[in-house]
Amino acid sequence: MGSRLRQNPERTFYWFFEASCPVARDKPGVQFQFPEDFSDEESSQILPRFCFPYDIQVRDGVAVQHFTFVLTDLEGCQRFGFCRLTNSTNTCLCILYLPWFEVFYKLLNNLADYLTKGQTNEMKALLGALYAQPIPPAAGSVTLQMVPYFIAPDPRSLPSIPENRNLTELIVAVDVGNLLQLYASMLFERRILIFASKLSTLTSCVHALSAVLYPMYWQHIFIPVLPPHLLDYCAPMPYLIGVHTSLSERVRSRGLEEVVILNVDTNTIETPFDDLKRIPSDMSGLKVCLKRQAVSPGSGVSRAFLKAQALLFGGYRDALQELFLDHKSHSMRHFLQCAIHLQFFKQFIDDRLDILNKGNEPDDLFEDEILKCETTARGKSYQQLVGNLKTLQRGGSVSHRRARSDCLQNRLPITQHFGKDEEEGEDALLCDSEEMDLLGEIFDTLSSRSSHDRGLLYGTRSLDLFAPDSHDYITKHGPANPSQESLSLSISGSGSLHSWNLETTEELSDLTGDSDWLCQDTSLREE
C-alpha cells in the first residue's frame with residue numbers, strides 16, 4: 001500500500017457535484033450532481049463541507065481558485081477531490097477520484113463554461129461519456145472529441161516545471177532554504193503545518209512537498225486543506241496539513257507543540273528542530289543544484305530530490321541483509337539509524353519485499369537512479385586518477401613523476417596502451433611527448449561539455465489560468481559556451497563540481513567538501 005491509491009478503480013471519476021456556499025454554520029447545499037442517482041449518503045453529507053475550507057465570514061478577492069482535498073478511508077487508501085471555487089457565485093464545482101491534477105482542473109473549467117452558458121444537456125453528455133469510459137492506461141488517453149486533453153499521466157515521468165502545477169507553485173512561493181528545511185522535517189516525520197491565503201497555492205505546495213519523498217510516500221495524516229469542522233485533527237502525531245490563513249489563529253490556539261510551520265505568504269518557517277543539520281553531509285550538493293534548477297524549466301528540481309533519495313536510501317537492499325548501517329560516513333550511519341524506524345521507510349521496505357518475493361525485480365525511476373549513483377561511485381576514483389595524471393604531464397620532478405607514474409601504471413587501465421616496454425627505460429612513459437599529447441587529447445575530449453538553452457521562471461504570475469504556451473511566463477535564452485572555469489573544473493576531476501557545472505565563487509562556497517554528488521546534467525538539459 002505504498003502509493004496509498006486505491007488499486008484498479010472502476011471508473012474515470014466517482015462523483016461530480018456543484019455545492020453552494022453555506023450561510024453561517026449551515027451545511028453546503030448540492031445544486032447539481034452526476035450521476036443523478038448518486039446514493040452514497042455519507043459522501044453526500046461530508047464532501048461538500050470540503051469545498052469551502054476557510055472562514056466564510058472573510059471574503060476572498062480571488063475570482064476563481066482551483067484546489068484539492070484528499071479523503072483517506074479506513075484501509076489508508078486515498079481519493080482526491082478537485083475543486084473550482086468561484087467567488088462571484090459562491091459556488092464550488094467538485095469532481096472526485098484519481099490524482100490527475102492538470103486533467104481534472106481543465107475538465108472543471110469546461111464544465112464551468114457549460115454552466116455559465118446554461119448548456120446543461122451538453123454538460124450531462126460530457127459527464128456521461130467520461131463516466132462510461134474505462135480507466136486509460138498510463139500515458140494513454142480517453143478518445144472523446146469534447147475533451148481531447150484527457151490523457152492519463154505517465155507514472156514513470158518526473159514532475160516538471162511549468163507543466164506540473166503543484167511543483168511550479170511550490171518553487172515560486174518557497175525559497176530553496178525553506179524548501180530544504182521542510183524536506184528535512186519530512187524525512188524525520190515531523191508535524192508540519194502549511195499556511196497560505198490562496199487555496200490553489202496552499203494545496204499545490206502540500207502535494208508537491210509529499211511528492212519529493214518519492215519513491216516513499218507520506219504514511220501519516222495528510223490533509224492538503226483543512227476545513228473548519230476538522231480543526232481538531234492537529235493531533236500529537238505526525239501530519240502534513242494545509243490551513244487557510246483565515247483559520248490560522250484558531251489552529252494556533254490549539255496549543256501546538258513541536259510543530260514545523262511554513263507561512264507561504266511571507267515565505268517564513270518556524271521550527272523547533274535542527275533537522276537540516278542532521279541530514280548527512282553527502283547531501284551538501286542538493287542546495288546548489290536546487291538553486292540552479294529552481295529557475296529553469298524541466299524536471300531538474302524533481303531529479304535533484306530523486307538523487308537525494310537514492311543517496312540516502314539506495315542501499316535499502318542491504319537492510320534486508322542487516323548491512324544497511326555499515327556505511328563509511330558517520331553522519332550517514334547516524335541518519336540511517338533513525339531512518340529504519342520511520343513509517344514511510346518501513347512501508348517502502350514492505351513493498352519492495354512483496355515485489356522480490358513474487359520473483360520480480362523493482363523497476364522504476366528510483367532503481368534507475370541507484371544504478372547511476374553506483375556508476376558514479378565506481379567512476380569517481382577513475383576521474384581523480386585522470387586529474388592526477390594530467391598534473392603529472394604538466395609539472396613535477398622527473399623522479400617524483402616517475403614514482404607516481406609507476407603507481408598509476410598499475411591502477412589506470414587506459415595507460416596500458418602507453419605503458420613501459422620491457423626493453424625501454426623507466427623514463428620512456430614520461431618523456432615521450434607524442435604519447436602524452438595523445439593522452440591529453442583523450443582527457444580534453446572527455447572533459448568537453450555542450451550547453452543547451454536555459455530559461456528563467458518568474459514568480460509574479462498566478463497559475464490558476466496558466467497554460468504551458470504562455471510565452472511571457474518563460475523567457476528562453478540563447479545557448480552559451482561553457483566558461484573556461486567550468487572546463488577547468490571538469491579537467492580537475494572533482495565529482496561534485498563537475499556535476500553541478502558551478503561557475504561562481506558563491507556557489508563554490510556552498511559546497512563544503514562534497515564528493516559524492518554527480519548530477520545527470522546532460523539528461524536535465526535534454527528534458
Side-chain angles (χ1 to χ4, degrees), residues 2 176-192 209-220 237-240 258-260 262 269 271-291 301-353 362 365-367 369-374 376-377 380 495-496 499-500 510-519:
V176 171
N178 288 338
L179 182 58
L180 288 174
Q181 289 276 6
L182 290 169
Y183 173 60
S185 296
M186 293 183 67
L187 288 177
F188 290 101
E189 294 185 334
R190 304 299 186 188
R191 294 190 288 274
I192 303 173
L209 283 172
S210 67
V212 302
L213 290 178
Y214 175 85
M216 288 81 173
Y217 298 90
W218 184 261
Q219 297 295 322
H220 301 280
M237 61 186 67
Y239 54 69
L240 178 58
E258 296 186 340
V259 177
V260 179
L262 170 71
I269 192 169
T271 176
F273 306 103
D274 290 329
D275 291 331
L276 191 56
K277 295 181 179 180
R278 298 176 60 188
I279 297 298
S281 57
D282 307 60
M283 297 295 102
S284 58
L286 178 59
K287 181 178 181 180
V288 178
C289 181
L290 289 177
K291 284 183 177 180
V301 172
S302 300
R303 191 166 295 278
F305 280 112
L306 178 62
K307 181 170 184 62
Q309 293 291 90
L311 289 175
L312 289 173
F313 304 105
Y316 74 90
R317 296 199 184 193
D318 292 335
L320 309 179
Q321 305 172 10
E322 300 182 356
L323 299 176
F324 191 49
L325 301 180
D326 293 342
H327 197 279
K328 62 181 180 181
S329 167
H330 173 74
S331 59
M332 183 66 82
R333 284 199 308 272
H334 181 71
F335 172 80
L336 295 179
Q337 287 172 353
C338 299
I340 59 177
H341 301 291
L342 299 174
Q343 191 65 35
F344 69 75
F345 182 72
K346 292 179 180 179
Q347 186 63 55
F348 171 75
I349 292 296
D350 290 342
D351 294 337
R352 284 305 200 252
L353 277 175
L365 293 172
F366 183 63
E367 298 295 332
E369 193 65 32
I370 292 175
L371 291 177
K372 292 177 183 178
C373 291
E374 291 176 349
T376 298
K380 189 172 60 175
S496 59
S499 65
W500 301 116
D510 287 335
L511 275 180
T512 55
D514 171 49
S515 60
D516 291 333
W517 277 83
L518 184 64
C519 180

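For this chain, numbers begin at 1 and follow the sequence in order.
In plain terms, the two heavy atoms of T271 and Q181 that are nearest each other are CG2-OE1, 4.4 Å. Counting all heavy atoms, side chain and backbone alike, A310 lies closest to E369 at CB-CG, 3.7 Å. Of all the heavy atoms in K287 and L180, the pair that sits closest is CB-CD1, 3.6 Å. The minimum heavy-atom distance between A304 and C289, with the atom names listed, is CB-SG, 3.6 Å. In plain terms, the two heavy atoms of L187 and I279 that are nearest each other are CD1-CD1, 3.6 Å.
Side-chain contact between L311 and L286 is absent, with no heavy atoms from C-beta onward closer than 4.5 Å. Using a 4.5 Å cut-off on side-chain heavy atoms (C-beta onward), M216 and F313 make contact. Under the 4.5 Å side-chain criterion, counting only non-hydrogen atoms from C-beta, L179 is not in contact with Y183. E367 places a side-chain heavy atom less than 4.5 Å from the side chain of R352. Here the side chains of L312 and M332 are in contact, with some heavy-atom distance below 4.5 Å.
Taking the six-membered ring where the residue is Trp, the centroids of F348 and Y316 are separated by under 6.0 Å.
Counted by atom type alone, H220 and E189 present one or more donor-acceptor pairs between their side chains at under 3.5 Å.
Checked against side chain to side chain contact (heavy atoms under 4.5 Å, CB included), V259 has the following partners two or more places apart in sequence or in another chain: R191, L193, Y239, L256, I261. Take R190 and apply the salt bridge (Lys or Arg N to Asp or Glu O under 4.0 Å) test, not counting sequence neighbours, and it matches D275. For F188, the ring pair (Phe, Tyr, Trp, His ring centres under 6.0 Å) partners are F335, not counting sequence neighbours.
Note: N178 CG to L262 CG = 6.5 Å, rounded to the nearest 0.5 Å. Taking CD of Q219 as the reference point, atom CG of L240 lies at 12.5 Å (rounded to 0.5 Å). The distance from the CD1 atom of I269 to the OG atom of S185 is 5.5 Å, given to the nearest 0.5 Å. Taken to the nearest 0.5 Å, the CG atom of L306 stands 6.5 Å off from the CZ atom of R303.
The backbone N or O of W218 lies less than 3.5 Å from no partner atom in the side chain of S210, so there is not a single donor-acceptor pair. Side-chain atoms of Q309 never come within 3.5 Å of backbone atoms of F366 as a donor-acceptor pair (strictly under, hydrogens ignored).
Using a 30° and 60° split on the angle between ring planes, Y217 and Y214 fall in the perpendicular class, above 60°.
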**Request:** Carefully, step by step, assess F273 and R278 under the rule side-chain contact (heavy atoms from CB on, under 4.5 Å).
**Result:** CA-CA 10 Å; F273 306 103; R278 298 176 60 188; over 6 Å; no

